[in-house]
Amino acid sequence: MSLPSRPRPVALITGASAGIGAAVARIYAAKGWDLILTARREAPLQSLAAELARMGAASTVLTEDLADPATPRRLFDAIAKRGLTVDGLINNAGFSRTDGFLNTDPTAHRAMIQVMLAAPVELARLFAPAMVERGFGRILNVASLAGQMPATGGDTLYGPIKSFLIKASQGLHLELRRSGVHVTALCPGYTLTEFHDANGTREQVSSAYPTWMWQTADHVARVGYEACEANRPKVTPGVMNHLLAGLAKHLPDRVALGMVGGHAKRLKRI
């Protein structure tokens, strides 16, 4: 599938201020795309935009918080007002809370559901129709290996939310697969980003899991980009992560839950 006839296609990336989001932005910039970068923190976005400019990519920075239910429509309107066309949508923004379901403020639970479940669905619904009309588009939803594994305690909602995102991506992939719009769920395992710093588990996960289980954000981003270009419905970076996901599908629930039951204890969060 060729790129649009316009000089450079444009990708909107949520959660672009660091980690996988920033790595994806660099990959798309290197492949000839311009970017719309959004996240809550403006300074890292501006720094990334300057870096991408040196690569020849133009970037538009829109500082927004996807925990606000009005943000997807606000982004859509702001992009339209600037006369930009979104050819690619990378739903990357996300976070977790690992203190346990009963110890987590309900507002944090609502924010998780809004940022990682409701917002990706709404953004896809807003931008996909024009992609279909043009016969070209890319939607990359950053899910997680956790969405393919048995449930864990502590980060109780994270896995189920990511499971939803995987299934929704696969369904949309089937619906749009002959339209020129590619839809892929990217399911990374442990990745070297700020994610575990933000949820307060950096020390615990670093000591609990060996270095060979960790991947770089650049590698994950590259795998995601290539899978979306190939129009694969789902991709799990890393041979071991792929094997774990496959194993989890075939184990009885009792056995699988027993295997992951120590997860929260290792993180010492509940």
Side-chain angles (χ1 to χ4, degrees), residues 9-25 28 33-49 52 58-97 104-132 137-144 147 157-158 160-169 172 181 183-186 193-195 198-199 221 224 228:
V10 177
L12 167 63
I13 304 178
T14 71
S17 58
I20 294 172
V24 168
Y28 274 80
W33 292 64
D34 289 334
L35 290 310
I36 302 170
L37 309 173
T38 186
R40 294 178 302 162
R41 299 177 295 165
E42 182 174 3
L45 292 179
Q46 294 291 357
S47 177
L48 178 60
L52 299 179
S59 298
T60 300
V61 170
L62 299 173
T63 308
E64 289 283 1
D65 185 355
L66 284 172
D68 180 354
T71 293
R73 170 56 69 169
R74 194 160 53 236
L75 280 170
F76 181 81
D77 291 342
I79 290 167
K81 185 176 180 179
R82 286 165 172 77
L84 296 171
T85 298
V86 171
D87 302 292
L89 169 63
I90 295 87
N91 285 307
N92 167 74
F95 65 97
S96 74
R97 291 290 180 265
T104 300
D105 192 300
T107 58
H109 285 155
R110 283 194 292 270
M112 287 181 67
I113 293 169
Q114 180 61 40
V115 170
M116 296 190 293
L117 192 156
V121 170
E122 186 172 358
L123 287 169
R125 185 61 182 84
L126 287 167
F127 288 107
M131 294 181 187
V132 171
R138 302 290 186 264
I139 299 175
L140 180 64
N141 291 322
V142 181
S144 173
L157 295 186
Y158 185 80
I161 289 171
K162 293 300 189 179
S163 292
F164 171 92
L165 191 57
I166 292 169
K167 294 296 186 182
S169 300
L172 191 57
V181 180
V183 182
T184 299
L186 172 61
T193 69
E194 294 180 355
F195 182 86
N199 68 18
C228 196

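Everything numeric in this text was worked out from a predicted model, so none of it was measured.
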With rounding to the nearest 0.5 angstrom, report the [atom1] to [atom2] distance, [X] to [Y].
X: K162; Y: S96; atom1: NZ; atom2: OG; result: 9.5 Å
X: I166; Y: T184; atom1: CD1; atom2: OG1; result: 12.5 Å
X: Y158; Y: S163; atom1: OH; atom2: OG; result: 10.5 Å
X: I79; Y: L126; atom1: CD1; atom2: CG; result: 9.5 Å
X: L117; Y: L157; atom1: CG; atom2: CG; result: 10.5 Å

Among residues at least two apart in sequence or on other chains, which ones pass side-chain contact (heavy atoms from CB on, under 4.5 Å) with [X]?
X: A43; result: none
X: A130; result: R134
X: A168; result: F164
X: D77; result: R73

Open item on the list: Out of the candidates V142, N92, I90, only one should pair with V24 under the side chain to side chain contact (heavy atoms under 4.5 Å, CB included) rule; please name it.
Closed with: I90

Open item on the list: By the definition side chain to side chain contact (heavy atoms under 4.5 Å, CB included), identify the one residue from L89, I36, L35 that meets it with I13.
Closed with: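 It is L35; the other options fail the test.
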
TODO: Only counting residues at least two apart or in another chain, list the ones meeting ring pair (Phe, Tyr, Trp, His ring centres under 6.0 Å) with F76.
DONE: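 For F76, the residues satisfying ring pair (Phe, Tyr, Trp, His ring centres under 6.0 Å) (neighbours in sequence not counted) are F127.
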
Quick one, [X] and [Y] - any side-chain contact, counting heavy atoms below 4.5 Å?
X: L66; Y: Q114; result: no
X: V183; Y: R138; result: no
X: L172; Y: K167; result: no
X: V10; Y: W33; result: no
X: P120; Y: L165; result: yes

Please enumerate all residues that pass side chain to side chain donor-acceptor pair (under 3.5 Å) together with [X], with sequence neighbours excluded.
X: E122; value: none
X: S169; value: N141
X: T60; value: none
X: R125; value: none

Open item on the list: Pairing donors with acceptors under 3.5 angstrom, does anything connect the side chains of T71 and R74?
Closed with: yes

Task: No-hydrogen, no-angle side-chain donor-acceptor test under 3.5 Å, T104 and R97 - done: no

Please report the shortest heavy-atom distance between [X] and [Y], naming the atom on each side.
X: L123; Y: N91; answer: CD1-OD1, 3.4 Å
X: R41; Y: A18; answer: NH2-CB, 3.8 Å
X: A111; Y: A67; answer: CB-CB, 4.0 Å
X: L48; Y: A25; answer: CD2-CB, 4.0 Å
X: A93; Y: M116; answer: O-CG, 3.7 Å
X: L62; Y: L45; answer: O-CD1, 4.3 Å

TODO: Using atom types as modelled and distance alone, determine if a side-chain donor or acceptor of D34 lies under 3.5 Å from a backbone N or O of S59.
DONE: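 Checking the backbone N and O of S59 against the side chain of D34, no donor-acceptor pair under 3.5 Å is found.
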
Task: Lys/Arg N to Asp/Glu carboxylate O, E64 vs R40, below 4.0 Å - done: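 Looking at R40 together with E64, the answer is no, because their closest N to O distance does not fall below 4.0 Å.
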
